[in-house]
S.K.: 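Below are the structure tokens for one structure; questions will follow.
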Amino acid sequence: MIPVRYVVLLALAWVGMSGSFTLPNLILGIAIGWGVLFLVRDQLRAAKVTVRPWAALLLALLFMKELILSAVRVARLVLSPRLDVKPGIFAYPLQVERDFEITLLANLITLTPGTLSVDVSEDRRTLFVHGMDCSDPERAKEEIRIGFERRIMEAFR
Amino acid sequence: MMGEFGDYLAGLLIVVGALFALTASIGLLRLPDVFTRMHAASKAGTLGSCLMLVALALHIGEFATGVRALAGAGFFVLTAPIAAHLLAKASYSAGYRMWEGSVRDELAQNVVSSKKNGQIQGG
Amino acid sequence: MLPIVGALLAPLLVRVTKHYAGWLLAAIPLIIFVHFAGMLETVGNARTVSGGFDWAPSLGLRFAWFLDGLSLTFAVLISGIGTLIVIYSGGYLKGHPHQGRFFSFMLLFMGAMLGLVVSDSFLMLFVYWELTSITSFLLIGFDHGREAARRAALQALLVTGLGGLSLLAGLLVVSQATGVSELSALLGAGEALRQSPLYLAALLLVLGGAFTKSAQFPFHFWLPNAMEAPTPVSAYLHSATMVKAGVYLVMRLNPVMGGTAAWETILPLFGGATLAVGAVLAIRQVDLKLMLAYTTVASLGLLVMLTGLGSDKAVEAAALYLIAHSLFKGALFMVAGLIDHEAGTRDVTRLAGLRRAMPVTFAAAMLAAFSMGGLPLFFGFLAKEEIYLAFTETDGWRLLLLAVAIGANALMFAIGFAVALRPFAGAPIATPKHAHEGPASLWLGPVVLGGAGLVAALASATTHRLLSSPTASAVAGTPVDVTISVVPHIGVPLILSALTVALGIAAYLGLDRLRSLTAGVLAGIGWGPDRGFDQALRALLRFAAGLTRIVQSGRLDIYMTATFIAVAAALLVPMIVTGELPSAPVLPALRFYEWAVMAIAVIGLAAVVQARSRLTAIVSLGIQGFAVAVLYMLFGAPDLSFTQFMVETLAVVILALVMTRLRLSPTDHRPLRQQLLDMTIAGACGLAFTLLLLKVTQLPFDDRLSQFFAAYSKTIAHGRNVVNVIIVDYRGLDTLGEIAVVMITGLAILALIRIRSKKTVARASVAEDA
Amino acid sequence: MQTLIFRTAAPFLTGLMLMFSVFVMLRGHNEPGGGFTGGLIAASAFAIHGIAFGVPAVRRALYFHPMAVAGFGLFLAAIAGLPSLLFGVPFLTGLWASPSLLGVSVDLSTVMFFDIGVYFVVVGSFTSIALALEDREHD
Amino acid sequence: MESVFAILVGLFFAAGIYLMLSRHIIRILLGVSLFGNAVNLLIFTNGRLMREIPPVIAEGLDVPAGAVANPLPQALILTAIVISFSFFAFLLVLAYRAYQEIGTDDTDGMRIAEPADDGLPPMGY
Amino acid sequence: MMSGAAFLEASAIFALGILSVSFLLVVVRVVKGPSLPDRILALDMLVAVAIGFIAVFGIRSGFRLYVDVAIALGLVGFLATVAFARFVMSGGADAKKREEQAEEEQR
Amino acid sequence: MIAAPVTAADWLVVAPVLVPIVCGAILLMIRHNVRWHALVAVAALLAMAAANVALLTRVLGEGPVSMTMGSWLPPFGISFTVDALGAMFSLTASFVALACCAYSVLDIDVTGRRYGFYPFLLLMMAGVSGAFLTGDMFNLYVWFEVFLISSFGLLILGSEKPQIDGATKYAILNLVGTTLFLIATGYLYGTFGTLNMADLAARVGQADAAAPLTTLASLFLLAFCMKAAAFPVNFWLPASYHTPPVITGALFGGLLTKVGIYALLRTMLTIFAVERAELAGVIGWIAAATMLVGALGALAQSDIRRISGFLVISGVGVMLAGIALGTERGLSGTIFYAVHSMVSLSALYLLGGLMRQRGGSFSLHSLSGLYTASPFLTLLAMVISLAVAGLPPGSGLWPKVMLVKAALDGGAWPLAMAVLLSGFLATIALGRVFILAFWRTDTVAAGGRPADAPAQAAASRLGVATITLLALAMVGMGVMPEPFVRAATAAASGLIDTSAYVQAVFPPGGGQ
Ligand code: NA
Ligand code: NA
């Protein structure tokens, strides 16, 4: 009922948090992890996700890069004497289907340059993205498609 | 713990982080509407804080505390986009218009349909 | 004690024995009467009977009794007449559903009255005094269905109750001035009291009690109104008891407080006024009971006046008149009640020719009236002779009182016969009820009392030895021997008596004319203290309502304004008055980021205060909250910072959750004047707190507590975080209380949200929670 | 709130926050934190859960009524002061024991139970408040 | 340092009290919140100030290495914060319910318990 | 060349200065608004800056216990924004309308 | 660190606080088993009362008792220090609460129980007892807050409109009051560096010459006057006490203001004795104004509960008079009056409830005929009214006599007059209630009489029994005042001479 890997993840988080790598502490971590997950048991949707570590790492690196880039770009933008922005919302047709993938993608988009996920359509086919520079939405969509979305699909299949 | 290098790195990180935070703040002031301001806050702001937390983790050097600092940064990275998303969605559906200079709005027709379904009230 | 037991038994007894209860219950006062009568001989030989036991020694309170001639005479009259009244009540209230209660109240009252006259301790005297007020309230309002009865009862309670408080204050002042708190001891401390600077205050306060109780002008109005009570009550209250309490007090204190100019001015003045007013008002009445009531007022005035004259003769006269009045007034009241009971009316103009139907009553009435009129052979005559004798010794303005006395006595003569003769004389006329002689229980009282007036006078030597002389001695404070007898002595008094009788006969004959005359005059005046009572009470209620509306305006902003003005005053005034202001502060160098955080806090405050809409204000609230949290962090309080961050955020969250549900008008401005006032108050409070804080922080600080905590947190309490150790260990009890608060808050909010007012619940059924 | 993104992330956020709250509570004796702050974090977690999935979900998750949890907390905290009665020392005297568990000595103390009591009271009460405010069915 | 704090405390009080003198409950509540912070800062300052060094004993030591910030006011304030937060929450919900039942957050409009048109008491007997 | 510690100290002071300025700028946005989401966003940003501030302060003072304060702040800051978003969404159009009204009245 | 070993008997000191807290917590855990609530509450209150009896006996016999929590030496831990004053108040409070609880057993419905009537009641009693027993200033503040928040809970239970309105004013103003107390405590700590009352009492004499003690005392005075509902900070009481069910009014009217009086006694005498003397004139005027405003307010009302509320205020003024005088006699008068007032005002509120039950209304405009309908109730009303108005044979007489005597001894004529006058005004107010509601027969109750359902009849019988118990207590105090006077005098002398109080906490020769 409660996915074991989540419990293990939380137990590890516990051990790291408390900084005490002892067996009793690990057991305590497992117990607490199981306990808190038990509380949210109904909302855990255990999707069959296989993680490909290498692809996931690539995704993480891509994210780091994009994050820094985005921050720099925003910094440059707001510091420029003339605010030259053409913002707007565009609809991005999603290829990923699973909740967790959509969420991940939306979050990554939000964290990266000039884009911000505003909403997901009810049929989960479309992600509405607010862009700082919406002069060429097609290019922005293309960047997402070959960037984050592809990496996500590679990492979690 | 990590000696001189660690100190330099930490110093650098906090200065860069602080500068990012400053940029975010300036963006918050200068950008024209709430959606564009959100870009500044949720990117530069998040990054700035995270950098400073990482610096703290480096400087402290104690494993558990370092892990916590990094976990804090991670948590921050996890929550910031969600918060931004929620606020953007809420603002949009509550009818706060975008800046006049905005060039397109492809969400407009979608909102009409979802309002019909009474989804906005949420809960 | 006995009457109280009797009072408790009375309702039960009445239920068991029906209307014979009166006879049985009369045994109680009778036993008391016999008991007191047995002491007459002892006390007659100039001795006193006293005793008692400690009741509440911490209060200096003894349950003590003290009987001298005065007390004993009163006790004998109270219990003797009480016996007759109880018998009379049994007949009078035959079949009344609440007869039991009545006896209960009556006996309680009797107990209180007896206690009053035999008490030695000031406090006991006061207690009994108030008890008579309370029990008389119950008795006067016995017929509670009628508004007049309720009004009269309240009036009596308030007037005599107020007097009681005055008496209490007076007695306490007396005991402050003399250091004694018992009457027996006070008798020896008269000189000290009269010399005391507190004398006048004590006198006025005590007289406040006595005059209200004894219905002295201008407090006389409650007494006639008290005729709303059933007649046995009137007969009892107004002959020997209640109203005589004030006279008792004045007489009791005469040897202690008397003899001074104040005493000899105030008492005759008020007594004389009362005498005159009572007599005149009596003429005005047509109701038998009211006629008698006003003559009671007059008689009380006479007694007070006599006591105030202060001479031995006057005191003798007072003693004699006291006894005479108790006898004839009790009898006449019972007669009036009997007439009412049998004929169905007390209106003297609608009564005549009853002598055939009620011969015994008539005889008793005549006996009493002779005494009241002061005709020879009756005790009233002795009293009147002695009164006039007393006046022969006075001079100056007091002679004016003599004129008053003669006039009033004449009027009282007329009234006495109007009550005792009018209804019986002449041709019978139709009365609401067909009159016939009442049962023995009803006529026994008048007959005995009326007869006693005669017997007492005939056996005047015995009466004087047992009652009059001891009483007079007690009142005078020195041995006095009353010698007057029914044998007429030619002299000024006799002439004055004859004059009185002559005037009295004239007044009796012209009674109707006099009545309409006084009625006309009084209508011309149009206002009396009785109306005044209503007006005063209404005015008091209105004043109270007006004041309350100002003080308790119902508006929270006014409450808050007053509260914070009080705060500013409570701090600034003592600070300035006692010079507790701080010295000028030295502004230290803070680090720039500390300044920045402070600046943010101040900006945050300004943002909240000036925010136009509440929503803006709520969001702005976060600024100062965060600034404070950061300040805590900068000054070494991570726990505080932690908690402050959490709490500020959650506060804003809850505000947002709640605001979601409110639909408020966007702006809520106060007018400029209001703003300025509020700013001034808020500024003054802020300034005051700042000044005091500067002052305190300029003192050296004793930090041994914190030293201790820091020193032992790790070693004994096993915790490195000293703050947390304080919270859970050193001061764990605070935290226990604190979480109790948190828990109750949760529950209270749940109750607030879940329970709907009945109106709302009517709309939707009650919801169950999980 | 009906948003996929939030709902997908919410259980994990809630779980992490709850775990962090336990951590904060347990280490309060030595570092900043303690029952109160821990409790507030946990209550925040439930609030987020409630905002994401609605009040009934939280009620199901908790099983006990939050106020019962708070009552239990107060009970625990008060009871934690009682063992000192047996030792003839005043109320709320801290008693310590270090039983060995799996070869590691574990510090147990009445003070810790006291702090756990605080935690439960705060969790229960503030969760109850949040749920009561969030709950729209009773409007 | 205390003197600067004293002035800041005064400003907090003034702002809080100014808001509490409003007729509108929501503003009063904001005032209550500021008032609470003012009190906490006041207690904090009364315990005298010390920069940066928290009253936490370093690991391995039995007593603090040097002077530390005064822990007692901090503990008192923690208790006070919790209590005032509880009260704040209660008042807020109360305000909300008052709004629901009475339809306003203007205290001048809240005259149910003490009606403005409260007549005289009975004048008779 | 400064020593590592001195460099760190200087950087920290510098960072604190910058963060103080950021604080003030963000506060200006909270005060100015103009719309509710603007203020909420600024408040969210305030939390972010505060976290940075705590981190730098933790480095400067050498007390690592401030880490947990920062983490907790991250958690509840998130909660605040969620709750406000919730508020904006449900109070919704209404809130906005009233806000506009208020502004009109101001003029 | 470990103080002298504590015997089991010393645990009595905390029992009156601990028992209701634990039982209140248990009630919350079994919130939905409403059947058990009343039972647990009554049991808890009985246990409290028993502990209080034992405590008072012990204190009167052996002098003040103290226990410092957590085995820390005072002043480092929190001390509970119980002297005759605290024990007397605590005992009376538990007695009154027990009576009210008995009254409530059939009066509070399932909704009221489910949403916490009994936990509120128990926690309020925990707070009230804690306030009476604690020997630590900040801890006193905490107990104030505990009973305050519980009183909020009781006040809003039912959520009728007037309740909500009254509760708003009550809550905000009381919050200001307790916060002022907290502020004063903060300054006190800043000045003396300690919070233990005995420690403060011992140190106040050696305070720094520059210490702003008068201002501090004045601030405490204001804070506690507000809690005690003294004029001019009495607004919250008449605004709210009439809104909840009478049972709540009875608890509040009986207990809460007395905690303010207790705190005033404790601070103004045990700690700020010198400053009290400086402020005596002000306190005297506050006392007189409070008495008269309260009594006049009672006259102006037509709702019995509001009359009762104003009479509570008037009584507060009477109690303040003794504090203004500061002599042993005056203080013992205040203490005795407080004990009397707890009992009699609770009874007055409960009486109002029964009058409403029988007469269908709280208003004097429509109440009538209660004498005919219910003679026994009338008897009770008589006894209670006499006690409240300070007439014999009620319990109010002796303390008033003591106060008037003390005022005259001290030359405070106006104060003595005010005590007497306020008593007289109360007599008018209650006399009017009596003649209008009980004697008057001609007005038909506007609301009509409620149907005499069996359950209600049972509740009514229980109510009568409860009030009878209280009335007997009042008459007992009136007829046998000696033990009360003696205890009150012991309490008052303990306030004036603090050495026994201090020694209970810091035994001579017992160093740190
Ligand atoms: Na804590
Ligand atoms: Na705490």
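Letters go in sequence order (proteins before strands), and every chain restarts at 1. Hydrogens, waters and symmetry mates are skipped; everything else that's a heavy atom, side chains included, is used. Computed from a prediction, not measured in an experiment: that's the story for all the values here.
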S.K.: Would E:Asn40 and C:Gln644 count as having a side-chain donor-acceptor pair, cut-off 3.5 Å?
M.R.: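 No pair is found: no donor N or O on one side chain lies under 3.5 Å from an acceptor on the other.
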
S.K.: Answer with side chain, backbone, both or neither: which region of E:Asp106 has an atom nearer than 4.5 Å to a non-hydrogen atom of chain C?
M.R.: neither

S.K.: With a 4.5 angstrom heavy-atom cut-off, could you sort out which part of C:Val725 is near chain E: side chain, backbone, both or neither?
M.R.: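 Interface part for C:Val725: neither.
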
S.K.: What part of C:Ile654 gets closer than 4.5 Å to chain E, counting heavy atoms only: side chain, backbone, both or neither?
M.R.: both

S.K.: Quick one: list whatever passes side chain to side chain contact (heavy atoms under 4.5 Å, CB included) with C:Ala684, sequence neighbours left out.
M.R.: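 C:Ala568, C:Leu572.
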
S.K.: With a 3.5 Å distance limit and no angle check, can you tell me whether E:Gln74 reaches the backbone of C:Gly636 through a side-chain donor-acceptor pair?
M.R.: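 Pair found, side chain donor or acceptor close to backbone of C:Gly636.
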
S.K.: Measure distances from C:Arg538 to the heavy atoms of chain E and classify the residue's part below 4.5 Å as side chain, backbone, both or neither.
M.R.: both

S.K.: By a 4.5 Å heavy-atom criterion (distance strictly below it), what part of E:Ala58 contacts chain C: side chain, backbone, both, or neither?
M.R.: backbone

S.K.: Answer with side chain, backbone, both or neither: which region of C:Arg591 has an atom nearer than 4.5 Å to a non-hydrogen atom of chain E?
M.R.: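 Contact with chain E involves both backbone and side-chain atoms of C:Arg591.
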
S.K.: Is E:Ser33 in contact with chain C via its backbone, its side chain, both, or neither, using a 4.5 Å heavy-atom distance?
M.R.: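 For E:Ser33, the contact with chain C is made by the side chain alone.
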
S.K.: Heavy atoms only: give me the nearest C:Ala601-E:Leu8 pair and the separation to one decimal.
M.R.: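 C:Ala601 and E:Leu8 have their closest heavy atoms at CB-CD1, 4.4 Å.
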
S.K.: Name the region of E:Leu76, side chain, backbone, both or neither, that has any atom closer than 4.5 Å to a heavy atom of chain C.
M.R.: side chain

S.K.: Check each atom of E:Arg48 against the heavy atoms of chain C and say whether the ones under 4.5 Å are side chain, backbone, both or neither.
M.R.: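 Side chain only.
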
S.K.: Could you tell me whether C:Arg150 sits above the aromatic face of E:Tyr125, with NZ or CZ closer than 6.0 angstrom to the six-membered ring centre and within 45 degrees of the axis?
M.R.: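 Negative - C:Arg150 is either too far from the ring of E:Tyr125 or too far off its axis.
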
S.K.: Select one option (side chain, backbone, both, neither) describing which atoms of C:Ile618 are under 4.5 Å from chain E's heavy atoms.
M.R.: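 For C:Ile618, the contact with chain E is made by backbone and side chain together.
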
S.K.: For C:Leu655, which atoms come within 4.5 Å of any heavy atom of chain E: side chain, backbone, both, or neither?
M.R.: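 Both backbone and side chain.
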
S.K.: List in chain and number order the residues that pass salt bridge (charged side-chain N to carboxylate O under 4.0 Å, His left out) with C:Glu648, two or more places apart in sequence or in another chain; answer none if no residue qualifies.
M.R.: none

S.K.: Taking side chain as everything from C-beta outward and backbone as N, CA, C, O, which of these in C:Leu590 sits under 4.5 Å from a heavy atom of chain E? Side chain, backbone, both or neither.
M.R.: both

S.K.: Is the distance from the ring center of C:Phe642 to that of C:Tyr632 below 6.0 Å?
M.R.: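 No: the rings miss the under 6.0 Å criterion.
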
S.K.: Which atoms of E:Phe44 are under 4.5 Å from chain C, going by heavy atoms: the side chain, the backbone, both sets, or neither?
M.R.: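 Interface part for E:Phe44: side chain.
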
S.K.: Which atoms of C:Val628 are under 4.5 Å from chain E, going by heavy atoms: the side chain, the backbone, both sets, or neither?
M.R.: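 Contact with chain E is through the side chain of C:Val628 alone.
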
S.K.: If you define the side chain from C-beta out and look only at heavy atoms, does anything of C:Phe689 sit under 4.5 Å from E:Phe12?
M.R.: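 With C-beta onward as the side chain, the pair stays apart.
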
S.K.: Please state whether the side chain, the backbone, both or neither of E:Met1 comes within less than 4.5 Å of a heavy atom of chain C.
M.R.: both

S.K.: Return the orientation label for the E:Phe85 and E:Phe88 ring planes: parallel under 30°, perpendicular over 60°, tilted otherwise.
M.R.: parallel

S.K.: Checking heavy atoms, do the side chain of C:Leu650, its backbone, both or neither come under 4.5 Å from chain E?
M.R.: both

S.K.: So for E:Leu94, is it side chain, backbone, both, or neither that comes closer than 4.5 Å to the heavy atoms of chain C?
M.R.: both

S.K.: Heavy-atom distances under 4.5 Å only: say whether E:Leu92 touches chain C with side chain, backbone, both or neither.
M.R.: both

